[in-house]
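Chain naming here is simple, since letters A, B, ... match the order of the sequence lines and numbering starts at 1 in each.
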Protein chains: 2
Amino acid sequence: MASKGEKNRQRIIQAANELFYHKGFNQTAFSEVAEASGIPKGNFYYYFKSKDELLDAVIAMRLEGIRDMLHEWRAEYAEPRERLKRYARILLNETRDVVRYGCPMGSLNVELGKTQLALQSRASEMFTLFHDWLVEQFVALGYRQDAAPLALHLLAMSQGAALIGNVYQDQPFISSEVERIIDWIDSL
Amino acid sequence: MASKGEKNRQRIIQAANELFYHKGFNQTAFSEVAEASGIPKGNFYYYFKSKDELLDAVIAMRLEGIRDMLHEWRAEYAEPRERLKRYARILLNETRDVVRYGCPMGSLNVELGKTQLALQSRASEMFTLFHDWLVEQFVALGYRQDAAPLALHLLAMSQGAALIGNVYQDQPFISSEVERIIDWIDSL
DNA sequence: GTCTATACGGAGATAGAC
DNA sequence: GTCTATCTCCGTATAGAC
């Protein structure tokens with residue numbers, strides 16, 4: 001039952017999610033989230049105890065989205081190799097945003113990793129969802145003790161592509177890196 | 001001639017350099033730089049017109065450091081392939097810091113890329129110094145139109161390794177990624 | 001050139017009316 | 001539950017004494 005309060009809560013989370021991505025967590029003020037969501041900033045403390053807790057709710061929403069996506073990928077692709085390639089193409093989904101704002105997971109973790117380790121640890125759960133799903137696919141391909149390192153390596157390649165693509169605002173570069181990654185998957 | 005004023009200027013830059021790396025640019029307050037450098041924050045505006053200009057000076061110092069390092073690498077290694085491998089090992093220099101604070105270049109660019117594009121563009125010059133030096137080596141290896149893409153790819157692999165190593169505070173992972181990169185260079 | 005004191009704005013967070 | 005008004009702190013930046 002989506003109560004009125006729950007609806008407002010969701011609107012705040014949605015607005016914060018986009019602003020945290022575009023501007024960064026620490027550089028986003030409540031006043032901006034208030035303007036974007038249409039809810040006065042004074043009300044935020046009825047829904048969240050603090051800004052940190054708002055971020056926690058944003059991450060929780062992202063985690064749900066990732067879980068759903070991975071679930072769909074499982075349904076859509078039966079072969080582990082095809083699943084790995086689907087992951088590799090993730091950067092092509094929103095290349096414009098990646099080039100402009102970086103990877104939503106990567107940039108948030110980088111920011112929080114400086115001085116907000118508790119929140120960073122929470123944000124790293126997004127990576128872990130992908131990681132565990134990738135491990136599953138590598139295991140299905142016959143890799144055992146190498147599955148986890150391979151998954152981390154795949155995460156790293158995607159993040160490297162996103163970061164350099166962002167630094168140089170270079171969309172074609174991201175596409176070519178995705179090609180490279182897919183070739184690598186085929187070579188396994 | 002290092003005048004007294006110039007010495008103070010350098011001390012501010014040194015302190016800011018470390019704090020910008022450890023805490024991020026926007027999360028570092030003048031009061032902290034003041035405490036670390038022993039120079040009252042009120043004095044900063046005698047040496048720099050703004051915080052942005054202080055960052056500019058920090059980046060200028062880092063650029064000089066990179067130039068010097070690349071120069072030394074040229075002297076130390078004659079073969080282009082050995083030079084590429086030396087670059088690949090750069091993450092091993094300060095792995096503890098990379099794991100704790102991320103890559104000094106990458107994390108700064110990610111932060112500035114959100115809402116401070118002019119400063120990000122300046123910060124990207126650090127990457128460009130490495131990029132151009134790497135292109136030089138790939139050309140010497142016989143690559144022509146592929147030299148630039150290969151250089152970008154190498155930058156991306158390093159950044160991906162640094163980012164994931166930072167996210168999971170995983171030092172061994174960075175070492176294993178460096179191994180992978182070196183194998184890739186050998187395969188060229 | 002170097003210092004202290006302070007202006008000014010905006011941040012997160014709170015109080016209390018309705 | 002929802003709103004407005006406001007508190008307190010701390011950021012960058014400035015003024016002006018020495």
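- Salt bridge B:E111/B:K114: absent, no basic N to carboxylate O contact under 4.0 Å.
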Between B:E6 and B:Q10, does a side-chain hydrogen bond (donor to acceptor under 3.5 Å, both in side chains) hold up when you go through it step by step?
-> CA-CA 6 Å; B:E6 189 54 33; B:Q10 287 304 320; 3.2 Å; yes
Is there a side-chain contact (heavy atoms from CB on, under 4.5 Å) between B:N43 and B:N8 once you walk through the steps?
-> CA-CA 10 Å; B:N43 294 26; B:N8 280 343; over 6 Å; no
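- Taking the side chain as every heavy atom from C-beta outward, B:L188 and B:F138 approach each other to under 4.5 Å.
- Distance, A:K41 NZ to C:dG12 P: 7 Å, rounded to whole Å.
- At least one side-chain heavy atom of B:Q27 sits less than 4.5 Å from a side-chain heavy atom of A:Q27.
- Only B:S50, B:K51, listed by number, bring a heavy atom of residues 46-55 of chain B to less than 4.0 angstrom from any atom of DNA chain D.
- With rounding to the nearest 0.5 Å, the separation of CD1 in B:I66 from CE in B:M61 is 10.0 Å.
- With respect to the salt-bridge test (charged N to carboxylate O, under 4.0 angstrom), the residues A:K23 and A:E32 qualify.
- Under the ring pair (Phe, Tyr, Trp, His ring centres under 6.0 Å) criterion, the residue pairs touching residues 53-103 of chain A are A:Y21-A:Y101, A:H22-A:Y101, A:W73-A:W133, A:Y87-A:F130, with sequence neighbours excluded.
- Atom OH in B:Y45 sits roughly 12 Å away from atom C1' in C:dC8 (whole-Å rounding).
- Inter-axis angle, ends of the helix from C:dG1-D:dC18 to C:dC18-D:dG1, five pairs per end, rounded to 10 degrees: 10°.
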Apply salt bridge (Lys or Arg N to Asp or Glu O under 4.0 Å) to the pair B:K85 and B:D186, showing each step before the final yes or no.
-> CA-CA 9 Å; B:K85 289 189 197 173; B:D186 273 323; 2.9 Å; yes
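- Within the structure, every pair that satisfies the side-chain hydrogen bond (donor to acceptor under 3.5 Å, both in side chains) test and touches residues 160-169 of chain B, not counting sequence neighbours, is listed here: A:T128-B:Y168.
- Contacts of residues 12-30 of chain B with DNA chain D (heavy atom under 4.0 Å): B:T28, B:A29, B:F30.
- At distances below 3.5 Å, not a single donor-acceptor pair connects side-chain atoms of B:R62 with backbone N or O atoms of B:A57.
- Within the 3.5 Å criterion, the main-chain N or O of A:G102 finds no donor-acceptor partner in the side chain of A:S107.
- Taking every nucleotide of DNA chain D with any atom under 4.0 Å from a non-hydrogen atom of chain B, the first and last of them, 5' to 3', are D:dG11 to D:dT14.
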side-chain hydrogen bond (donor to acceptor under 3.5 Å, both in side chains) between A:Q116 and A:D52: does it pass, once the steps are laid out?
-> CA-CA 10 Å; A:Q116 290 143 304; A:D52 284 7; 5.1 Å; no
